[in-house]
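Worth saying up front: this structure is predicted, and the values here are computed from it rather than measured. All values below were derived from every heavy atom in this structure, side-chain atoms included, with hydrogens, water molecules and symmetry-related copies excluded. Convention: sequence-line order gives letters A, B, ...; per-chain numbering from 1.
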There are 2 protein chains.
Amino acid sequence: MLHVAEAARVSVATVSALINGTATVSPELSQRIEQAIRDIGYKRNAIARSLKMGTTRTIGLTVPHITNPFFTDVVSVIQQAFDRAGYAVMLCCTDEDLNTQDDQIRLLLDRMVDGLIVARVGDGAILKRIVDDANVPVVLLDRICKGIDTDAVVLDNQRAVFDAITYLINLGHRRIGYITGTSDISPMHDRMAGYREALHAAGLPIAEELIRFGNFHEIDGYNETMQMLSSHDRPSAIFSANNPMVIGTMKAIRDIGLSCPEDISVACFDDFPWSDVFQPQLTTVAQPVQAIGEQAANLLLDRLAGNRDAPPRKLLLKGRLMIRNSCRPLGAIAQSVSA
Amino acid sequence: MLHVAEAARVSVATVSALINGTATVSPELSQRIEQAIRDIGYKRNAIARSLKMGTTRTIGLTVPHITNPFFTDVVSVIQQAFDRAGYAVMLCCTDEDLNTQDDQIRLLLDRMVDGLIVARVGDGAILKRIVDDANVPVVLLDRICKGIDTDAVVLDNQRAVFDAITYLINLGHRRIGYITGTSDISPMHDRMAGYREALHAAGLPIAEELIRFGNFHEIDGYNETMQMLSSHDRPSAIFSANNPMVIGTMKAIRDIGLSCPEDISVACFDDFPWSDVFQPQLTTVAQPVQAIGEQAANLLLDRLAGNRDAPPRKLLLKGRLMIRNSCRPLGAIAQSVSA
DNA sequence: AACGCTAATCTAAACGTTTCGATCATGTCA
DNA sequence: TGACATGATCGAAACGTTTAGATTAGCGTT
């Protein structure tokens, strides 16, 4: 900018005024400056600008795993929204690890991001402290957090799983396996509540040996399914509370020599784009990823636009049960269907 | 930092020296400074630091679509690698659009990223200009670019498709449909060359009506497949040159009332994690995503570590044909197999 | 006691912007 | 003609660091 100013024989203040349109500059000087900018190939240094302005037009986004198709989609939507608004997004994947998450958030805050969208991991105490004293708007995504009272967009997880399990019950299933992630994050907690509520509403007992905890990965789904299916009193249906784990479930079913839905019915949380193309076509709970991403982006953009003091807004979106062919009717119900 | 210095009754230079370990500071002052840092809750402002140092410890990463599982995986690997190295990554999705890409790269360069990993889109002329006068190391990912002579890691696409098509030919297929993206990017060009080479090597004619161009999306795969299958002389196998389009192909096959592999064989480029769980299990060309991501990250990290003048390094990785059950033997070959 | 050496600390300039207030020419009005 | 508003331009400080070079204090030598 200094060089431009010299070349155009004006002060840097004038160059800045022209570039930002913050003051009128005469046509003559404008012309000289623009020429100089072209000649020199000048590009404004956004870092210097950020330092002076106190804003980076960059936001931080952390998710547990970008390879989980739910997060892939949401990240994609959020990225597009901020791109449109002229913001850059720094992406971090916490790998479902608390320390990684804390480090990454600190990294983002060091870099003076203007805002944060966080699908948090683990207990919120440290996150809360970090976020509190960095004075930056935060929106919680997918997972709310007890200590942190801020904007959030989440699914009505309990209701969604309630519907799914009730569907299985109505098909005649009585022993329904449930594979979940560690329940220290809200969706897992709420989904489990939906499971229990559905069984309870139908007057069915809750068999604790059918509730299995994994660590969100395919391998966990595989292991837990293997164990369940090896028991002599195996379930007739399995619901997986997340998407990567259901792949493991399907592999376990295959490896153990059973087939779905003939021998065992399967449903899971989170839809994927190819779910109605391959067999079996999985029955899933679909989240409105587009809406989730857009709402999260909008909440943050609204704060960034200056609306700092509005009370925290919590958005609760509804899931949708996508019924396909991976669950089959059982017993009397099967009879009446085939009759 | 000024506040810390005042609270500890030292100069800012001393504080800086302690924080960065660039000079020895006495135990006594160290203690006072550390105490002040804790009391005040001081965090270094990375923006100011970047301005002074001329480095942001941030890199830019642009891909066409993050929802394409190939790019999802590669992005994930790259993100992890830079995370380990203490770099942040700014992610942009160009949506396969040239102007979007140019805008985003400018955005990244404005923000003074230290380096760039680009899966480019369209013709490289503008990209070249942009990259030339920003003096930043660039590594090309998945797609090389005529004008730009820089580090790159790509697959041996021609060979990979040659192998896949040859496999189909050996199964007895003679009319093999080929669905590709616009061939102005290198992988599509090279894959097509592999297709033609394989047919040629087998002495088969090339039926131009079986070569269909889409725009990388599922819907394109759907439309092109529909057209191919509606012809009276339809192919016995279809190869899709990218992953999202094959979903469209499968949907078209389903909607038209055919089934795979009984009526039509299907194979495609890019593997996905669930490909051996659902039916049909697609035969695919798997890219070594882990290696691709790591190599790209390493090339860039090496440049960032100071190795600026080494000649451009081109890494050519090998694909792997994952044979599953979506392609069936035909004619005489089928006879001999079943005999 | 004077000297030089080392280690610890500080002063101040620099990075590239934005912006406040000052300056200055020009035209308007009484 | 003098006072004054207006519009264009500029000078300089500020944002929060890093760092080269200056300064100071402490110590061992001679």
Can you tell me the distance, in whole Å, between the [atom1] atom of [X] and the [atom2] atom of [N]?
X: Lys43(A); N: dG16(C); atom1: NZ; atom2: P; value: 16 Å
X: Met53(A); N: dG16(D); atom1: CE; atom2: C1'; value: 16 Å
X: Ile47(A); N: dG16(D); atom1: CD1; atom2: P; value: 15 Å
X: Glu28(A); N: dG7(D); atom1: CD; atom2: P; value: 19 Å
X: Ile33(A); N: dA8(D); atom1: CD1; atom2: P; value: 13 Å
X: Asp110(B); N: dT17(C); atom1: CG; atom2: C1'; value: 13 Å
X: Asn45(B); N: dG16(D); atom1: CG; atom2: C1'; value: 6 Å
X: Arg49(A); N: dT17(C); atom1: CZ; atom2: C1'; value: 9 Å

Any donor-acceptor N/O pair, [X] side chain to [Y] backbone, under 3.5 Å:
X: Thr58(B); Y: Val89(B); result: no
X: Ser186(A); Y: Ile144(A); result: yes
X: Arg111(B); Y: Arg57(A); result: yes

| message | Near DNA chain D, counting only heavy atoms under 4.0 Å, which residues of residues 5-20 of chain B show up? | response | Ala13(B), Ser16(B), Asn20(B)
| message | Classify Met1(A) by what it touches in the nucleic acid, base, sugar-phosphate, or nothing, heavy-atom distance under 4.0 Å. | response |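 It contacts base atoms.
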| note | When Asp149(B), Asp151(B), Thr150(B) are each screened for side-chain hydrogen bond (donor to acceptor under 3.5 Å, both in side chains) with Lys314(B), the one that passes is Asp149(B)
Are more than 12 heavy atoms, taken from residues, nucleotides or ligands other than [X], located less than 6.0 Å from that residue's [atom1] atom?
X: Arg313(B); atom1: CZ; value: yes
X: Glu6(A); atom1: CD; value: yes
X: Gln35(A); atom1: CD; value: yes

| task | Before giving the answer on salt bridge (Lys or Arg N to Asp or Glu O under 4.0 Å), spell out for Glu34(B) and Arg38(B) the whole-Å C-alpha distance, their side-chain angles and the decisive distance to 0.1 Å. | result | CA-CA 6 Å; Glu34(B) 275 158 5; Arg38(B) 272 193 303 274; 5.2 Å; no
| field | Closest-nucleotide ordering on DNA chain C, the 5'-leading residue of Leu51(A) and Ala23(B) | value | Ala23(B)
| request: Examine dG16(C): is either OP1 or OP2 under 4.0 Å from a nitrogen or oxygen in the side chain of Arg44(A)? Give yes or no. | output: no
| When you check the gap from the basic side-chain N to the acidic O, do Arg143(B) and Asp184(B) get nearer than 4.0 Å? |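 Here Arg143(B) does not pair with Asp184(B) in a salt bridge, since their nearest N and O are not under 4.0 Å apart.
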Atom pairs, protein N/O to nucleotides 6-8 of chain C N/O, distance under 3.5 Å:
residue : atom : partner  : partner atom : Å
dA8(C)  : OP2  : Thr24(B) : OG1          : 2.3

